[in-house]
Visitor: 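Sharing a structure, written as structure tokens. Questions coming.
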Amino acid sequence: MSVLTSNYEFEKPIRTYEEINEKIRKGDAVVLRADEFKRLAEVKGYENVAKEVDVVTTGTFGAMCSSGAVINLGHSDPPIKIDKAWINDVPVCHPGAAVDLYIGATQMSETKPFEYGGGHVIEDLIRGEEVELRATAYGTDCYPRTRLETNITKYDLNQFYMLNFRNSYQKYVCATNGRDTVIYTYMGKLLPQYGNATFSGAGELNPLINDPEYEIIGIGTRIFLGGAKGYVIGEGTQHDPGNQMGTLMVKGNCMEMDAKFVRGAAITRYGTSIYVGLGIPIPILNLKIAKNIAVMTDENITIKVLDYGVPRRSRPVLREVSYKELKSGRIEILGRTVKVSPLSSLKGAIEIAEILKKWIEDGRFYLSKPVENLPRDSIFKPMKEKPLQREWYRR
Amino acid sequence: MVKMLLRFHGNLMREPVTSTVILEKGIKLNILKASIHERGGEMLIEVPDEHANDIIRAFESKGVDVILKRTISVDSDKCIHCGECFSLCPADAIHISQDYAVTFDESKCVACGICVDACPMRAISLILF
């Protein structure tokens, strides 16, 4: 068979978005979680499974620092054009007009730094809890007010949207520490002398790893975000297709979210962050899509083990390791077996893929076709900077 | 194994009480933590279940307060099963099951507290000292 014929067979449509959505409407759609699809494909062959399965669901539930929420407060009387604002003592950003605020997940409370931050504010608001808002302003002819103090819940807001500019890495790295002392990093607590290791991401359940050519997941893809429906609105910052480290920018309505899948996090000596639950359905439109999912097993997805004891942009690579080894709980580093912690909740990832599966089976979630694909050739550049001075960093 | 907290007061501070109990009873016990502070001396020990009552009586007869305590408490409402704590535990008291649930085996916990500040949900607390 020539390459052309095989590609033709491979990319020949077996079903369309419209046909899948029609089956969802009738309650007939066949849906499997990505891990279930892969196990079944190992036994029956992906070609056979692709005939039966309409949709595969993915999921991940990890710390995603480049996340936050946009809120609109409505106008006070007399009105205020907010200059600086705090919610529960967490500084929130005022990047736009009078009463639109952005709550950044890593912004820390000025009274409880490292323990409470923007991620916790978002979680508390989603729970329906009351938060304290304070704001100051310089006062203008049209916005004369200079000070504001009020207590609000999400029900007092006009809009409360999650707007995350980098989520859901295709795959990530594994961290360990070669120094003689314990270090506290965004990859968790790392024991001295390569005493443990940590990794992030859900491996074969990760959304983007199952769409390695970015054919399915694009602008407009409807997703599970924080327990509600959300959307992919573009590639995330630092999107790096060349290294299989693609990322997503996403939005969703926090008013409908479940705090179980949006959790503020306190990462000791690093700062605060947020755990975001995210899941994406992948329609089995052709054999190529099915094969890509079947091939991307934990065994076949490898990541670098980096020494986070070296605080440089390029950290020493100690080895490559598969997600299968990582999920076994132990890996070998320089001849010694050490325990490995998943930083993402693997239990949560499976739960999210399962919920998304149920939503589709029950006719509560329809698939959307992307209006644009994510870039496949963009480069993640390092910073352009001036020569480093000794007093510019902490030793 | 049973964990117990021993409190030594006043004149007991100078007596080799623990060695005496071990020699008299011929029972092996594991010292997990020992410290002296404003309240007096405190020691956390681990004793095989079958010898627990013997050891409690022996220490109490020498004027030591014996307090049976839990070592850690995990708030299951807060835990999201991320597993960050798993690789830090020197006593292998934290497990990740087949379905990736994180579980704690308190009988193995040595109350070192290494996992406590690593939990991003602040779900773990140490009950001792």
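Reminder, nothing fancy here: chain letters follow the sequence lines and each chain counts from 1.
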Visitor: Need one label for A/F114: side chain, backbone, both or neither, based on atoms under 4.5 Å from any heavy atom in chain B.
Guide: backbone
Visitor: Does any heavy atom of chain A fall under 4.5 Å from the side chain of B/D77, the backbone, both, or neither of them?
Guide: backbone
Visitor: Report yes if the side chains of B/K78 and B/I124 come closer than 4.5 Å at any heavy-atom pair, otherwise no.
Guide: no
Visitor: Consider only side-chain N and O atoms of A/T176 and A/R315, and report whether a donor and an acceptor are under 3.5 Å apart.
Guide: no
Visitor: Tell me whether the centres of the aromatic rings in A/Y308 and A/Y186 are closer together than 6.0 Å.
Guide: yes
Visitor: With heavy-atom distances below 4.5 Å as the criterion, would you say the side chains of B/H95 and B/K108 are in contact?
Guide: yes
Visitor: Between B/C115, B/S97, B/C89, who has the most heavy-atom pairs with chain A when the cutoff is under 4.5 Å?
Guide: B/C89
Visitor: Most heavy-atom pairs under 4.5 angstrom with chain A, which of B/A101, B/A118, B/P120, B/C82?
Guide: B/C82
Visitor: Against chain A, label B/C119 side chain, backbone, both or neither, depending on which of its atoms sit under 4.5 Å from a heavy atom there.
Guide: backbone
Visitor: Go through the atoms of B/L88 and report whether side chain, backbone, both or neither lie under 4.5 Å from a heavy atom of chain A.
Guide: both
Visitor: So which of A/I267, A/I350, A/L190, A/L191 has the largest heavy-atom pair count under 4.5 angstrom toward chain B?
Guide: A/L191
Visitor: Do B/R57 and B/K25 touch side chain to side chain, with heavy atoms closer than 4.5 Å?
Guide: no
Visitor: Heavy atoms only, distances under 4.5 angstrom: which of A/A349, A/S341, A/A63 has the most pairs with chain B? Name it, please.
Guide: A/S341
Visitor: Using a heavy-atom distance cut-off of less than 4.5 Å, which residues of residues 317-337 of chain A contact chain B?
Guide: A/K327, A/G329, A/R330
Visitor: So do B/F86 and B/V102 actually touch side chain to side chain, heavy atoms under 4.5 Å?
Guide: no
Visitor: Side chains of A/T268 and B/D117: any donor to acceptor distance under 3.5 Å?
Guide: no
Visitor: For residues A/N167 and A/S67, is any side-chain donor paired with an opposing acceptor at under 3.5 Å?
Guide: yes
Visitor: Using non-hydrogen atoms and a 4.5 Å limit, figure out which bit of A/Y275 sits close to chain B: side chain, backbone, both or neither.
Guide: side chain
Visitor: If the threshold is 4.0 Å, N to carboxylate O, is there a salt bridge linking A/E36 and A/K357?
Guide: yes
Visitor: Can you spot which of A/R33, A/K260, A/K358 makes a salt bridge (Lys or Arg N to Asp or Glu O under 4.0 Å) with A/E351?
Guide: A/K260
